[in-house]
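Report on one structure; see the data block that follows.
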Amino acid sequence: MTLKEAVSMDIRLDEEAMERAKRNWDSIAKPLDSLGLLEKAIIRIAGIGGTPEIDLSKKAVAIFCGDNGIVSEGVTQTGQEVTAVVTENFSRGESCVCLMAKEAGAYVLPVDLGVAGRLKGAVCEFPLSIPEEKRHVLYPIWDRKLALGTKNFLEGPAMTRKLTIKAVECGMETARLLKERGFRIIAAGEMGIGNTTTSSAVSAVLLGMDPREVTGRGAGLSREGLERKIAVIREGIEKNRPDRQDAIDVLSKVGGFDLAGLAGLMIGGAVYRIPVILDGFITGAAALAAVAICPAVREFILASHVSAEPAGAMVLERLGLEPVIHGRMCLGEGTGAVALLPLLSMAETVYRNMSTFQEIEIKEYQHFL
């Protein structure tokens with residue numbers, strides 16, 4: 001499916017499924033609404049899937065990887081080569097998110113949209129397949145490389161509009177393939193040195209705020225480094241003049257492959273009716289773009305946690321999403337989204353297996369205004 005076709009669709013939550021899920025929660029022998037946001041999440045998942053029969057047994061983490069040319073402006077503490085190293089670590093199951101995903105029972109799908117350089121890990125042309133000679137690899141990297149990183153957006157747009165749309169459509173395709181293979185929920189992740197800079201730039205434009213208000217230290221910049229980062233973002237926006245009313249234009253001029261892929265994953269989640277969990281600030285910036293492109297997407301995403309980055313809470317507020325976890329996390333990779341998976345699984349267990357008031361012959365609680 002193309003992006004144009006997706007945007008033209010009439011996509012809505014299934015209100016009947018949500019109402020039935022709410023009635024099921026209310027019938028369970030416990031105080032009403034006592035699992036709070038977890039109950040709301042299960043109800044939202046019912047609306048996304050179109051059924052009150054919830055099954056989150058098969059979970060995935062989709063991690064979009066790509067390099068950012070803006071790194072050459074000294075906006076990061078580490079070098080660009082780290083993107084490839086961490087992406088390869090994903091394939092071996094050695095990164096933070098992989099270790100957490102193992103505990104959460106989630107499969108990891110790294111997607112190379114634009115890592116600058118040839119990856120040494122198991123790279124496959126088709127997702128979830130492992131080359132015969134690399135059966136020892138846990139999570140093969142899906143090769144969707146569009147370029148060797150983006151351009152430095154101080155020297156012009158980070159990507160062409162055509163490449164940006166391709167990256168968005170790769171994200172949509174990721175959602176489709178995971179749904180076809182039986183996955184019931186997707187945690188969103190990313191890897192790309194310099195992507196707090198691109199995320200801050202995209203957020204500044206889409207939120208209509210000054211770069212200083214939305215820009216943080218990322219992976220540990222000094223005070224001087226932060227000032228440099230803010231100045232670079234401001235200059236990039238002034239030079240490229242991204243159109244706030246056109247999120248594709250914003251992504252192409254000051255964004256990155258990972259952000260575009262994430263936006264596509266969220267659009268695909270709405271189209272193919274599979275819930276997508278946001279991680280932190282970077283996935284939140286991508287969500288701003290996704291919702292600007294396709295407003296219906298807002299109802300098909302879940303917030304895991306509020307990032308420690310300055311704009312983390314701002315982005316979620318604009319999206320109208322309330323995070324379940326307040327842990328001051330800012331690691332990225334999808335770690336916050338994966339941290340929510342066990343909580344959702346526990347809520348699902350209560351939802352599916354807890355006795356009802358009728359079964360134990362106790363008078364039901366009632367809602368009072």
Side-chain angles (χ1 to χ4, degrees), residues 56-66 83-115 119-131 134-146 166-192 195 256-269 271-279 282-283 286 290 301-302 304 331-341 344:
L56 302 178
S57 59
K58 198 169 181 181
K59 303 174 275 287
V61 191
I63 308 174
F64 294 89
C65 309
T83 301
V85 171
V86 177
T87 301
E88 290 167 356
N89 283 344
F90 292 148
S91 72
R92 295 188 292 268
E94 295 175 354
S95 72
C96 289
V97 72
C98 292
L99 296 173
M100 293 174 68
K102 183 178 180 181
E103 287 297 312
Y107 182 85
V108 178
L109 176 60
V111 184
D112 175 12
L113 290 179
V115 177
L119 296 174
K120 299 175 183 177
V123 178
C124 63
E125 295 182 359
F126 195 74
L128 309 177
S129 63
I130 304 176
K134 296 182 177 179
R135 292 294 182 186
H136 61 284
V137 173
L138 287 177
Y139 307 120
I141 301 163
W142 190 15
D143 182 9
R144 299 307 309 272
K145 196 187 293 286
L146 299 171
K166 280 187 176 181
V168 171
E169 290 177 343
C170 283
M172 292 169 54
E173 187 180 6
T174 302
R176 177 181 66 81
L177 289 167
L178 287 171
K179 178 66 179 289
E180 287 178 354
R181 282 156 178 76
F183 289 95
R184 303 302 183 97
I185 192 165
I186 306 171
E190 42 61 40
M191 181 59 218
N195 61 9
F257 289 124
D258 51 354
L259 294 181
L262 285 164
L265 179 74
M266 296 166 204
I267 294 170
V271 169
Y272 300 111
R273 308 196 74 88
I274 180 169
V276 175
I277 305 175
L278 301 187
D279 183 26
I282 295 163
T283 59
I301 51 181
L302 304 170
S304 59
L331 193 154
E333 298 183 10
T335 50
V338 170
L340 181 61
L341 290 174
L344 291 177

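Position 1 is the first residue of the sequence; numbering continues from there. Small disclaimer: the values here were computed from a predicted structure and weren't measured.
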Report task. Mark yes or no for whether K179, through its side chain, and Y272, through its backbone, hold a donor-acceptor pair below 3.5 Å. Result -> yes
(message) Quick check: do L177 and L109 have side-chain heavy atoms less than 4.5 Å from each other?
(response) no
Heavy-atom nearest pair, V338 first then A104, reads CG1-CB, 4.0 Å
With a 4.5 Å heavy-atom cut-off, do V108 and L138 have their side chains touching?
no
Would you please test I277 and I185 for side-chain contact (heavy atoms from CB on, under 4.5 Å) and show each step?
CA-CA 8 Å; I277 305 175; I185 192 165; 3.7 Å; yes
To the nearest 0.5 Å, atom CZ of R176 lies from atom CD of E180 at 4.5 Å
Practice prompt. Please say whether more than 12 non-hydrogen atoms of neighbouring residues, nucleotides or ligands are located less than 6.0 Å from NZ in K102.
Written response: no
Output for pair (C65 SG, L119 CG), nearest 0.5 Å, gives 8.0 Å
CG of L56 to CG of L341, rounded to nearest 0.5 Å, is 8.5 Å
Scanning both residues in full, the closest heavy-atom pair of K145 with V115 reads NZ-O, 2.6 Å
Self-check item: CA sep, side-chain torsions, deciding dist, call: E333, M100, side-chain contact (heavy atoms from CB on, under 4.5 Å)
Solution: CA-CA 11 Å; E333 298 183 10; M100 293 174 68; over 6 Å; no
**Any side-chain heavy-atom pair of I186 and I274 under 4.5 Å** = yes
The reported gap from NZ in K59 to CZ in R184 (rounded to nearest 0.5 angstrom) is 11.5 Å
Any idea how Y107 and Y139 line up, ring-wise: parallel (<30°), tilted (30 to 60°), or perpendicular (>60°)? perpendicular
Between T83 and T87 the two heavy atoms that sit nearest each other are O-OG1, 2.7 Å
One should read off an interatomic distance between I267 CD1 and L262 CG, to the nearest 0.5 angstrom, of 11.0 Å
E103, CD atom: more than 12 neighbouring heavy atoms under 6.0 Å: no
In terms of heavy-atom contacts, D279 and G334 come closest through OD2-N, 3.1 Å
Side-chain heavy-atom pair V111, C170 within 4.5 angstrom cut-off
no
Heavy atoms of L265 and A188 approach each other most closely as CD2-CB, 4.0 Å
Rounding to 0.5 Å, atoms CD (E190) and CG (L113) come to a distance of 12.0 Å
Under a 4.5 Å cut-off applied to non-hydrogen side-chain atoms, are V97 and F90 in contact? yes
All heavy atoms of M266 vs all of T283, minimum pair found to be CE-O, 3.4 Å
